[in-house]
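Let me begin by presenting the structure, written as structure tokens, before commenting on it.
Residue numbers start from 1 in every chain, and the chains themselves are labelled A, B, ... in the order their sequence lines are given, proteins ahead of strands. Bear in mind the structure is a predicted one, so any value in this text is a computation, not a measurement.
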There are 2 protein chains.
Amino acid sequence: MPKNDKDNAAAVARIEAAFPLSFMIHQLEMKLGAQARALIAKHGDLTLPQWRIIRVIGMDTADGSTAIRKVLGFDKSQFSKTVSQLQTRGLVEVLDHPTDRRQFRLALTDEGRAALDRLTPELDARNDFLMQALSPEERSLIRSALLKLSIAAETTDIPTGSDT
Amino acid sequence: MPKNDKDNAAAVARIEAAFPLSFMIHQLEMKLGAQARALIAKHGDLTLPQWRIIRVIGMDTADGSTAIRKVLGFDKSQFSKTVSQLQTRGLVEVLDHPTDRRQFRLALTDEGRAALDRLTPELDARNDFLMQALSPEERSLIRSALLKLSIAAETTDIPTGSDT
DNA sequence: CCGATTTGGCGGACTTGTCAACCTTGTCGT
DNA sequence: ACGACAAGGTTGACAAGTCCGCCAAATCGG
């Protein structure tokens, strides 16, 4: 067994015990991102943000640009640029929005849907794999917990003083 | 009440109900990052990764470069560059590692500790604020859940077929 | 109905993050 | 003890994300 490896692992565990939540989530996000990128690269040539947008469009629960952008938490600028890429590559179609002329609707082209169908089973399997790592009660609570945190993370002014 | 806002909010809620875990975490991470950047910017001029490194060093639970890098989930390259910035700005000190000459140890300078002391209460308040958004049982489970996910996220080959 | 404000999207400058090649040091097998 | 291999760190080229100001469309307040 590597001597320094053991030391490092012990140090890591010691730090994590007292870690702020935001750090844990950042660490997790890094690993998830790397894992997702590896999976996507193995089965095509989409980038991670491109895939995310395609995935949400493919869920067929909303097609307005704002709804999609908000749910992904994307920056306006980044969203705009990524959609342009997808449109140029012929994966998505940009249509007029029926009631709001500032927004647009997004739809998958045949090629876009093919990419979605190719990747979805892989990424769904990963999601299942992640969920299986959790205990049943953790599984049942994690979604609402993340949602609550997400709302709390939107507050810009934090009650600084100790408010008990 | 804005008409389109209501539509968008409804669409967002509809999507989130069936959202993969990784998307939720990404969305959360974006918001947390923006919130943290805003707080840091208000009380100094550190970047988010710089702050994270300082924060971990300040925890005094480990000072080896590898342990710090691993716990933050940083890329080797990014870590190296950010440490250089901190060293240049005189916030951290780079020392020899006692048993491994590939690594180094990190320590805060007086100026680095001052920055830490200035920012820590703010960020700790935020952390408390986030934790208060959770129910008691969510609070007690979230850490172990995130840790398990973090481990699962390191697996590179996912059992694709249904393995049950 | 009209100005003020908000929301949505775009473009460009800039910062961050990512990836691959490289060198050094440590570790393992024999 | 020594050669193969893994782990740590650095660098540079490149991709991704962020921030800013801009303009158009929609909403709100009289």
Side-chain angles (χ1 to χ4, degrees), chain A residues 1-9 11-12 26-27 29-38 40-41 45-53 64-70 72-88 94 96-106, chain B residues 1-9 11-12 26-27 29-38 40-41 45-53 64-70 72-88 94 96-106:
Chain A
M1 191 189 306
K3 181 167 64 70
N4 278 319
D5 261 26
K6 196 184 57 186
D7 290 350
N8 286 331
V12 167
H26 180 248
Q27 184 191 11
E29 162 72 3
M30 295 291 102
K31 292 180 183 174
L32 286 175
Q35 193 184 42
R37 266 190 294 273
I40 293 170
D45 61 346
L46 292 176
T47 67
L48 187 46
Q50 287 171 353
W51 157 251
R52 285 189 162 126
I53 291 178
S65 50
T66 298
I68 295 175
R69 180 170 61 78
K70 287 266 175 70
L72 284 170
F74 272 39
D75 179 75
K76 286 197 298 181
S77 182
Q78 189 197 169
F79 186 73
S80 168
K81 286 165 188 166
T82 310
V83 169
S84 295
Q85 295 167 5
L86 290 171
Q87 193 182 10
T88 302
V94 176
D96 287 345
H97 192 283
T99 65
D100 190 338
R101 279 198 298 164
R102 293 170 304 180
Q103 300 189 43
F104 44 80
R105 288 186 307 133
L106 289 172
Chain B
M1 190 188 308
K3 183 166 64 71
N4 279 317
D5 259 27
K6 198 184 56 186
D7 290 351
N8 287 329
V12 167
H26 180 248
Q27 185 191 10
E29 161 72 4
M30 295 293 102
K31 292 180 183 173
L32 286 175
Q35 193 184 41
R37 266 189 296 273
I40 294 171
D45 61 344
L46 292 177
T47 66
L48 187 46
Q50 286 171 353
W51 157 252
R52 286 188 162 126
I53 291 177
S65 50
T66 299
I68 295 175
R69 180 169 63 77
K70 287 264 173 74
L72 284 171
F74 272 36
D75 179 74
K76 285 197 299 180
S77 177
Q78 190 195 359
F79 185 73
S80 169
K81 287 166 187 169
T82 310
V83 169
S84 295
Q85 294 167 6
L86 289 171
Q87 192 180 10
T88 302
V94 176
D96 287 345
H97 192 283
T99 64
D100 189 341
R101 278 199 298 163
R102 294 170 303 180
Q103 298 189 45
F104 45 81
R105 287 185 308 132
L106 289 173

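Remark: P of D:dA15 and CG of A:Leu46 are 16 Å apart, rounded to the nearest angstrom. Rounded to an integer number of Å, the gap from CG of B:Asp96 to P of D:dG9 is 13 Å. Put simply, CD1 on B:Ile68 is 14 Å from P on D:dG8, counting in whole angstrom units. Between B:Asp75 atom CG and D:dG8 atom P the separation is 13 Å, expressed in whole Å. Summarising the geometry, the separation between CD on A:Gln50 and P on D:dA16 is reported as 7 Å, rounded to the nearest angstrom. In this structure, the CG atom of B:Leu106 is 9 Å from the P atom of D:dG9, given to the nearest Å. At whole-Å resolution of the value, CD in B:Gln103 and P in C:dT27 are 10 Å apart. Atom CZ in A:Arg105 sits roughly 14 Å away from atom P in C:dG9 (whole-Å rounding).
Closest non-hydrogen pair, B:Pro49 versus B:Gln78, comes out as CB-NE2, 4.0 Å.
Closest contact between the side chain of A:Pro49 and the listed nucleotides D:dA16, D:dG9, C:dT6 involves D:dA16. Considering only the side chain of B:Arg102, C:dT24 comes nearest among C:dT24, D:dT11, D:dA25. Side-chain proximity of B:Met30 to the nucleotides D:dT18, C:dC19, C:dG9 is greatest for D:dT18. If you check C:dC10, C:dT6, D:dG8 against the side chain of B:Arg69, the one that comes closest is D:dG8.
Closest-nucleotide positions on DNA chain C for A:Arg37 and B:Leu48 were compared, and the one nearer the 5' end corresponds to B:Leu48. Of the residues near DNA chain D, B:Phe79 and A:Phe74, the one whose nearest nucleotide (by heavy atom distance) lies more toward the 5' end is B:Phe79. Heavy-atom nearest nucleotides on DNA chain C were determined for B:Gln85 and for A:Ala34, and the one closer to the 5' end corresponds to B:Gln85.
Ring geometry for A:Phe104 versus A:Phe79: interplanar angle under 30°, hence parallel rather than tilted (30 to 60°).
Within 4.0 Å (heavy atoms only), B:Thr47 reaches sugar-phosphate atoms of the nucleic acid but no base atom.
Within the 3.5 Å criterion, the main-chain N or O of A:Asp96 finds a donor-acceptor partner in the side chain of A:Arg105. Checked by atom type and distance alone, the side chain of A:Thr88 pairs as donor or acceptor with a backbone atom of A:Ser84 at under 3.5 Å.
Between A:Gln78 and D:dT18 there is a side-chain polar atom (N or O) within less than 4.0 angstrom of OP1 or OP2. A close approach under 4.0 Å does not occur between any side-chain nitrogen or oxygen of B:Ser80 and OP1 or OP2 of D:dG9. Between C:dA13 and A:Ser77, no contact under 4.0 Å exists linking OP1 or OP2 to a side-chain N or O. Contact check, B:Arg101 against C:dG26: a side-chain N or O comes under 4.0 Å of OP1 or OP2. Contact between the side-chain N/O atoms of A:Lys76 and the OP1/OP2 oxygens of D:dC20 is not found at any separation under 4.0 Å.
A donor N or O paired with an acceptor N or O is found under 3.5 Å between the base of C:dG12 and the side-chain atoms of A:Lys81.
At a cut-off of 3.5 Å, with distance as the only test, no side-chain donor of B:Lys70 or B:Thr66 sits close to an acceptor on the other residue.
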Side chain to side chain donor-acceptor pair (under 3.5 Å) between B:Gln50 and B:Thr82, worked out = CA-CA 6 Å; B:Gln50 286 171 353; B:Thr82 310; over 6 Å; no
